[in-house]
Participant: 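Submitted below is the structure of interest, expressed as structure tokens.
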Amino acid sequence: MDRTHVVLPAGEIDRQREFTRRAAALLRQRGRRILAMVDTYGCQQNVADSQRIMGMLREMGCGFTRDPGQADVIVINTCAIRENAEKKVFGVVGQLVHVKENNPDAIICLCGCMAQQEAVARKVRQSYRHVDLVFGPQALWKFPELLYEVCAGRRRVFSIADEHGTIAEGLPVVRESGVKAWVSIMYGCNNFCSYCIVPYVRGRERSRNPADILAEIRQLAEAGCREITLLGQNVNSYGKDLDEPMDFAGLLEEIDRIPGEYLIRFMTSHPKDADRRLFDVMAKSAHVARQLHLPVQSGSSRVLKAMNRGYTREQYLEKVRYARQVMPDLVLTSDIIIGFPGETEEEAMETVSLIEEVRYDALFTFIYSPRPGTPAAQMPDPVSRAEKQVWFDKLLDAQNRISGELHREYVGKRLTVLVDGESGDPQWPLSGRTHGGRLVHLRGEASLIGRYAEVNITGSNTWALFGEL
Ligand code: SAH
Ligand code: SF4
Ligand code: F3S
């Protein structure tokens, strides 16, 4: 699709500002301080989207609350990646019927990846009549207009048209802290891994213009932001749709030139497109963290083919070897799916042997969940859930042992740690992250938050490190 149809003209965003003003005027008529609650499920992309939604709500004059009973506007930003995620959301949305009984003026909105699915929208239309507004990720930028329509017409609004997707620049944002920020560099996904719903709900791959990304990062660095995570379903496809010649490694090089004391992380990197040039650029950059989330999904080349991942076990291992050769201190993490349709025990154990070989610092592990409309959901899936659970537990046992061993190797070392928040645990009141992204529990004063500290690592467990300043 033509870029001129992808990047929204500034006039469209201005139009939304006008709806923001009109919605604000309607909400003001309620004669009290309007509070909004935004509840977010799913991945960092959704977290970033929610920060935009909060930005738009703030411009409508809303304050924020975590208590749905106090809220005039409730936004549930949903995830469709696995069935469990969807069930949880339906539970939460069901409960909101009581909120609506107590406060009939409350506006209840369902957005995100679940909302983009027609079957979900139908179910909400019929059985969750207290939900006022349903919109998918493609319509996020239109939120002011949609909310205004609900406020003005007191009618239900559904905006879930299946679209290619656009890029909206200049939306307001509420960031959770001054220390860390998410920056989307692209949207959508074209990979169509056979198990995955994302390409169906997030639209086609589209890259933001480099100039817009660089301006945002420059601004964050100047404001003292310490950790910036670049987001995309597959950041390694960045630039393929741009008119100017630019790829992800090139973008990282440009970002790296921006002065300041900050770290760049990114996710997710698809192994199929992760090449030596990317690893070389990471290795010689000043700001890019030596951290790589490179989801392998399976250690069996047969299963990888059925998943439509576009690489074999050997090709994956070769990439890891090269990345570690140029970055010996690289922290490596991955996602794994156990129990893909037709996977045998032997193949699942190939995944266990792969993680033994790679020795990841941490893993995100999932049991396969069929997603309606995806090719994998049509494949024969004879293995019982109980058997998959046995394989899954073997994988977890192996990874927990590996993470524990790798974390123990940190003890006695001195590391630079970004202190990023309070933990709530009086024993270890602060939390931080190493350059490689490992979690560190710390003792110290809250005034350290937002600073890099030199920390002696004194202890560790499977999930985290413990340290003293
Ligand atoms: N774009 C990213 C993944 C985003 S989804 C990538 O390609 O790496 C995050 C993770 O959820 C995936 O890596 C995968 O491990 C898991 N996942 C996706 N669909 C799933 C499904 N149907 N069942 C179980 N896990 C799934
Ligand atoms: Fe899903 Fe594959 Fe796209 Fe990741 S790359 S979002 S797993 S289709
Ligand atoms: Fe979930 Fe959508 Fe992210 S399905 S994992 S919130 S892209």
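In what follows, every heavy atom counts, from backbone to side chain, and hydrogens, waters and symmetry copies are set aside. Remember, it's 1-based here, ligands and their atoms both numbered in the order they're listed.
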Participant: Does Arg276 make a cation-pi contact with Tyr322 (under 6.0 Å, within 45 degrees of the axis)?
Facilitator: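 Yes, Arg276 and Tyr322 form such a contact.
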Participant: Do Asp420 and Ser431 have side-chain N/O donor and acceptor atoms under 3.5 Å apart?
Facilitator: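 Checked: Asp420/Ser431 side chains pair up, N/O donor to acceptor below 3.5 Å.
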Participant: Do Asp39 and Tyr41 have side-chain N/O donor and acceptor atoms under 3.5 Å apart?
Facilitator: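 There is such a pair (donor and acceptor under 3.5 Å, judged by atom type) between the side chains of Asp39 and Tyr41.
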Participant: Does Phe135 have its ring centroid less than 6.0 Å away from the ring centroid of Phe158?
Facilitator: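 No: the rings miss the under 6.0 Å criterion.
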Participant: Do any protein N, O or S atoms sit under 2.8 Å from atom 2 (Fe) of ligand 3, and which ones are they?
Facilitator: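 Per the 2.8 Å query on atom 2 (Fe) of ligand 3, atoms found are Cys113 SG.
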Participant: Do the side chains of Glu253 and Lys284 get close enough for a salt bridge, i.e. N-O under 4.0 angstrom?
Facilitator: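 Here Glu253 pairs with Lys284 in a salt bridge, since their nearest N and O are under 4.0 Å apart.
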Participant: Do the ring planes of Tyr316 and Tyr311 sit parallel (below 30°), tilted (30 to 60°) or perpendicular (above 60°)?
Facilitator: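 Rings of Tyr316 and Tyr311: tilted, 30 to 60°.
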Participant: Locate the shortest heavy-atom distance separating Val296 from Ser334; write the atom from each residue and the value.
Facilitator: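 The pair with the smallest heavy-atom distance is N-OG, 2.9 Å.
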Participant: Taking only protein atoms, how many N, O or S atoms are found under 2.8 Å from atom 1 (Fe) of ligand 2?
Facilitator: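 With waters ignored, the protein N/O/S count below 2.8 Å is 1.
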Participant: Where's the contact between Arg309 and ligand 2, heavy-atom distance under 4.0 Å: side chain, backbone, both or neither?
Facilitator: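 Answer for Arg309: side chain.
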Participant: Taking only heavy atoms of Gln233, which atoms of ligand 3 are found under 4.0 Å from at least one of them?
Facilitator: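 Under 4.0 Å from Gln233, ligand 3 has these atoms: 7 (S).
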Participant: Classify the side-chain pair Ser403/Asn400 by whether it contains a donor and acceptor separated by less than 3.5 Å.
Facilitator: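 No.
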Participant: Salt-bridged, Asp329 to Arg324, with N to O below 4.0 Å?
Facilitator: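 Looking at Asp329 and Arg324, the cut-off is not met.
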Participant: Between Arg371 and Glu86, does at least one N-O distance fall below 4.0 Å, as a salt bridge requires?
Facilitator: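 Between Glu86 and Arg371 there is a salt bridge, with a charged N closer than 4.0 Å to a carboxylate O.
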Participant: Any heavy-atom pair between the side chains of Met379 and Ser194 that's under 4.5 Å?
Facilitator: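 A side-chain contact under 4.5 Å exists here.
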Participant: At a heavy-atom distance under 4.0 Å, which protein residues reach ligand 1? Sort them by chain and number, would you?
Facilitator: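 The answer is Ile81, Arg82, Tyr195, Gln233, Thr268, Pro295, Gln297, Arg309, Asp335, Ile337, Phe366, Ile367, Tyr368, Ser369, Arg371, counting any residue whose heavy atom sits under 4.0 Å from ligand 1.
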Participant: Only counting residues at least two apart or in another chain, list the ones meeting side chain to side chain contact (heavy atoms under 4.5 Å, CB included) with Gln219.
Facilitator: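 Expected list: none.
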Participant: Classify the side-chain pair Glu169/Trp141 by whether it contains a donor and acceptor separated by less than 3.5 Å.
Facilitator: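 There is no such pair between these side chains.
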Participant: Does Lys240 make a cation-pi contact with Phe248 (under 6.0 Å, within 45 degrees of the axis)?
Facilitator: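 Geometry flag: not set, cation outside 6.0 Å or 45°.
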Participant: Which of the atoms of ligand 2 are close to His270, meaning less than 4.0 Å from one of its heavy atoms?
Facilitator: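 Within the 4.0 Å cut-off of His270, ligand 2 contributes 5 (S).
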